[in-house]
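Heads up: the structure comes next, in structure tokens.
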Amino acid sequence: MLDLRAFRSGAEDARERLARRGDPEVLDALDRALAMDARRREFIAEVEVLKARRNDVSKEIGNRKREGEDAADLIADMQEVADRIRALDAELQAVESGLQDDLLKIPNVPDDRVPAGGEGEFEVVQEWGDRPAFDFEPRPHWDVGSELGILDLERGARIAGSGFPLLMGAGARLNRGLIAFMLDLHTREHGYTEVAPPFLTNRDCLIGTGQLPKFEDDQYRTDPDDLFLVPTAEVPVTNLHRDEILDGQDLPLAYVAYTPCFRREAGAAGRDTRGLLRVHQFDKVELVRFTRPEDSAAELELLTRHAETVLEKLELPYRRILLPAGDLGFSNAITYDLEVWSAGVQRWLEVSSCSSYTAFQARRADIRFRPDGKGKPAAVHTLNGSAVALARTLVALLENNQQADGSVLLPEVLHDYVRQERLTIS
RNA sequence: GGACGGGUGGCCGAGUGGCUUAAGGCGCACGCCUGGAAAGCGUGUGGGCAUGCGAAUGUCUCGUGGGUUCAAAUCCCACCCCGUCCGCCA
């Protein structure tokens with residue numbers, strides 16, 4: 001949620017950055033919100049004067065009654081005042097809820113470093129590792145996986161539908177080993193606290209992180225209870241501190257969580273959906289940080305490095321790209337995507353998205369901290385990043401490490417976790 | 001799912017319509033006292049919104065949302081959460 005106060009006095013710089021998203025409707029919505037905010041403050045000024053009078057006179061009525069005096073004239077006056085307060089309060093409430101509804105649909109202001117431009121106009125920040133060379137034609141993971149007997153897309157579809165993959169045997173163990181490897185890395189070497197959160201959350205959580213109200217169609221919702229399957233661990237973990245005032249001394253807070261992720265991918269049917277490239281359910285290890293505003297830029301670099309370390313240890317060639325404003329997520333101020341090269345499909349696959357949300361989510365979820373000493377509570381900055389998403393990482397491992405005989409070599413860090421060095425056709 | 005009991009400030013806890021500006025205690029901060037400390041004494045101590053350069057003032061806030069009333073922590077309605085017991089259950 002935007003801080004309207006920051007826009008009341010012009011704020012041309014922020015307007016300009018908002019415009020970089022390339023959606024003129026956003027600026028219109030902002031102007032409507034500012035107009036409603038002005039009306040809101042007029043109503044408040046008017047009704048508060050009346051309430052102050054009512055409080056004074058009610059006290060006087062109480063005094064008179066105690067003394068056994070008559071207060072009928074004052075009560076009659078106050079009946080009229082109470083009616084006006086009721087009417088004004090109703091109007092004020094209508095304006096406030098309208099304003100709130102609109103405000104929740106306006107996206108975050110892009111960071112200064114974010115370039116203008118639409119999807120595809122990203123900036124490559126760095127590349128790591130060499131793409132593997134083959135003396136045979138590398139095959140896509142759906143062939144490699146099914147031949148190894150570790151990936152069964154047909155049976156997954158029979159159980160739940162297309163986009164719900166089924167792993168078997170060493171494939172399931174590889175998946176589990178990857179989760180354990182990542183959690184161990186981040187807790188032991190990067191200082192994160194492990195969290196095992198609920199996999200369903202209420203509506204407030206999704207409003208807090210920004211999936212709702214705009215993107216309800218992308219969520220899996222359970223019917224009688226109105227709970228949502230988490231699309232990412234970002235949702236439950238960021239909301240861990242919803243409605244809290246944190247001690248400034250405790251910042252930054254760093255959490256890592258494994259959860260499955262459930263996404264309806266509405267409107268994405270048929271697009272990059274082969275095999276494990278785009279699925280409705282996948283596993284992911286997520287990093288979430290709560291920081292002071294002045295630290296969030298440096299914290300994003302740190303968090304992104306933590307995610308990159310996973311790929312380096314898995315010996316997967318990747319690149320870091322900086323997303324342009326037109327491709328930036330609704331709540332995000334700045335995002336680096338990490339993409340691994342996958343030799344079978346011959347493409348860069350997004351396996352991580354590392355973002356700063358500045359105070360956008362913190363204002364929606366009411367997560368604040370108390371600066372040192374005295375001072376008013378202020379919104380924290382939230383950041384998160386996948387470290388990393390499993391399904392596509394599995395794709396890259398199978399495709400990049402495949403051998404001519406159909407077997408797949410595993411990177412050294414996984415040997416103990418999977419209890420084998422090579423996946424072979426049995 | 002059913003029955004009963006609860007939800008008050010950072011914490012404990014009093015408060016069944018107006019004398020409550022939410023008693024009292026604990027904690028915390030500052031001051032006095034002291035060679036220093038403890039004890040003691042005194043003062044202060046939540047958050048949101050609005051107005052204001054600020055000091056400050058007003059308003060809202062006793063689980064949440066409605067309602068009754070000139071006036072609600074207190075009365076009424078709905079919901080949420082916690083506890084205990086029962087039922088069901090991995």
Side-chain angles (χ1 to χ4, degrees), chain A residues 1-10 33-104 196-208 212 222-228 236 239-251 260 359-380:
Chain A
M1 195 159 55
L2 298 183
D3 180 11
L4 271 191
R5 255 181 289 216
F7 285 92
R8 278 184 197 161
S9 51
L34 284 167
M36 261 193 286
D37 179 54
R39 279 188 65 206
R40 167 181 153 268
R41 284 180 288 144
E42 283 169 24
F43 276 121
I44 288 172
E46 197 175 344
V47 78
E48 283 199 355
V49 169
L50 292 176
K51 284 182 178 174
R53 188 158 152 243
R54 179 179 67 182
N55 288 345
D56 287 345
V57 176
S58 288
K59 198 168 289 179
E60 174 60 18
I61 291 171
N63 289 337
R64 283 203 197 174
K65 292 219 159 186
R66 229 172 299 117
E67 312 278 319
E69 295 170 21
D70 180 57
D73 55 330
L74 295 182
I75 290 177
D77 283 353
M78 285 308 101
Q79 279 169 344
E80 279 177 40
V81 171
D83 284 344
R84 284 195 59 203
I85 288 174
R86 233 187 306 277
L88 282 170
D89 264 342
E91 288 192 73
L92 174 60
Q93 204 176 344
V95 171
E96 275 185 335
S97 71
L99 173 59
Q100 189 69 3
D101 287 351
D102 286 0
L103 224 36
L104 287 174
F199 295 164
L200 280 79
T201 74
N202 59 33
R203 210 166 256 283
D204 287 343
C205 288
L206 283 115
I207 290 171
L212 293 184
T222 65
D223 187 25
D225 299 307
D226 206 36
L227 293 172
F228 295 79
N239 279 280
L240 202 144
H241 291 300
R242 179 152 54 89
D243 294 327
E244 288 185 23
I245 299 175
L246 303 169
D247 188 337
Q249 309 237 309
D250 294 340
L251 299 180
F360 187 85
Q361 292 180 327
R363 273 190 296 268
R364 294 167 81 102
D366 193 23
I367 306 166
R368 293 173 289 168
F369 76 105
R370 204 180 294 281
D372 300 323
K374 302 205 175 201
K376 282 283 190 188
V380 300

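Chain letters run A, B, ... following the sequence lines, proteins first and then strands; every chain starts at 1.
- Contact detail for A/Ala365 and A/Arg242: the closest heavy-atom pair is O-CG, 3.1 Å.
- Nearest to the side-chain atoms of A/Asn55 among the listed nucleotides B/A71, B/U59, B/G48 stands B/U59.
- Comparing A/Ala82 and A/Val49 against RNA chain B, the residue whose closest nucleotide sits nearer the 5' end is A/Val49.
- Between A/Arg370 and B/G47 there is a side-chain N or O to OP1 or OP2 distance below 4.0 Å.
- Residue A/Ala52 is classed as a sugar-phosphate contact, given heavy-atom separations below 4.0 Å to backbone atoms only.
- Whole-Å rounding puts the A/Asp204 CG to B/C80 C1' distance at 11 Å.
- Across all strands shown, B/A22 forms no Watson-Crick or G-U wobble pair with both key distances under 3.5 Å.
- Across B/A55 and B/G6, the matching P atoms stand 44 Å from one another, rounded to whole Å.
- Side-chain nitrogen and oxygen atoms of A/Arg41 include none within less than 4.0 Å of the OP1 or OP2 phosphate oxygen of B/C49.
- A distance of about 13 Å separates the C1' atoms of B/A22 and B/A72, rounded to the whole Å.
- What you find for A/Ile245 and A/Pro377 is that their closest heavy atoms are CD1-CG, 4.1 Å.
- Comparing the same atom, C1', in B/A38 and in B/C33 gives a spacing of 12 Å after rounding to whole Å.
- Identified under the salt bridge (charged side-chain N to carboxylate O under 4.0 Å, His left out) test for residues 84-100 of chain A, with sequence neighbours left out: A/Arg40-A/Glu96, A/Glu46-A/Arg84, A/Lys51-A/Asp89, A/Asp83-A/Arg86.
- A gap of 24 Å separates the C1' atoms of B/U45 and B/A50, to the nearest Å.
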In sequence, state the C-alpha distance, the side-chain angles, and the governing distance for A/Val380 and A/Glu244, and then conclude on side chain to side chain contact (heavy atoms under 4.5 Å, CB included). CA-CA 11 Å; A/Val380 300; A/Glu244 288 185 23; over 6 Å; no
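- B/G27 and B/U45 make up a base pair, with Watson-Crick or G-U wobble contacts both under 3.5 Å.
- Along RNA chain B, the nucleotide closest to A/Glu96 and the one closest to A/Ile75 are compared, and the more 5′ of them pairs with A/Glu96.
- B/C75: Watson-Crick or G-U partner is B/G67, with both key distances under 3.5 Å.
- Looking at residues two or more places apart in sequence or on another chain, you find a side chain to side chain contact (heavy atoms under 4.5 Å, CB included) between A/Leu200 and A/Thr222, A/Leu227, A/Leu229.
- Within 6.0 Å of atom CD in A/Gln93, 12 or fewer heavy atoms from other residues, nucleotides or ligands are found, so the atom counts as exposed in its surroundings.
- Nucleotides B/G65 and B/C49 are separated by 16 Å at their P atoms, to the nearest Å.
- Distance noted for atom C1' between B/G52 and B/U57: 9 Å (whole Å).
- B/G58 atom P lies 17 Å from atom CD1 of A/Ile44, rounded to whole Å.
- Across all strands shown, B/U57 is found opposite B/A50 as a Watson-Crick or G-U wobble partner, with both distances under 3.5 Å.
- Here the separation of B/G13 from B/G17, taken at their P atoms, is 23 Å to the nearest Å.
- When heavy atoms are screened at a 4.0 angstrom cut-off, A/Lys51 is found touching the sugar-phosphate backbone but no base atom.
- A/Asp247 has its CG atom 12 Å from the C1' atom of B/G10, to the nearest Å.
- Rounded to whole Å, the P atom of B/C28 lies 32 Å from the corresponding atom of B/U84.
- Across all strands, A/Arg53 comes closer than 4.0 Å to no nucleic acid atom at all (heavy-atom distances).
- For the pair A/Ile85 CD1 and B/C70 P, the interatomic distance rounds to 12 Å; values are reported in whole Å.
- Atom CD in A/Glu46 sits roughly 15 Å away from atom C1' in B/G58 (whole-Å rounding).
- Across all strands shown, A/Leu74 has no heavy atoms under 4.0 Å from either base or sugar-phosphate atoms.
- As judged by a 4.0 angstrom heavy-atom cut-off over every strand, A/Arg8 is placed among residues touching the sugar-phosphate backbone only.
- Minimum heavy-atom separation, A/Ile367 to A/His241: CG1-O, 3.4 Å.
- Base-pair partner of B/A3: B/U84 (Watson-Crick or G-U wobble, both distances under 3.5 Å).
- In the set B/G46, B/A71, B/C49, B/C49 carries the atom at the smallest distance from any side-chain atom of A/Glu48.
- Computed from coordinates, the A/Lys65 NZ to B/A71 C1' distance equals 10 Å when rounded to whole Å.
- If you take NZ of A/Lys376 and P of B/U45, they are 13 Å apart, rounded to a whole angstrom.
- Nearest nucleotide to the A/Arg40 side chain, out of B/G47, B/G18, B/A50: B/A50.
- The A/Gln93 side chain lies nearest to B/G66 when the options are B/G66, B/C70, B/G48.
- Distance CD1 (A/Ile245) to C1' (B/U45): 14 Å, rounded to an integer number of Å.
- Within the shown strands, B/C32 is the pairing partner of B/G40 under the Watson-Crick or G-U definition, both distances less than 3.5 Å.
- For the pair A/Arg64 (side chain) and A/Asp70 (backbone), a donor-acceptor distance under 3.5 Å is present.
- A close approach under 4.0 Å does occur between a side-chain nitrogen or oxygen of A/Arg5 and OP1 or OP2 of B/A50.
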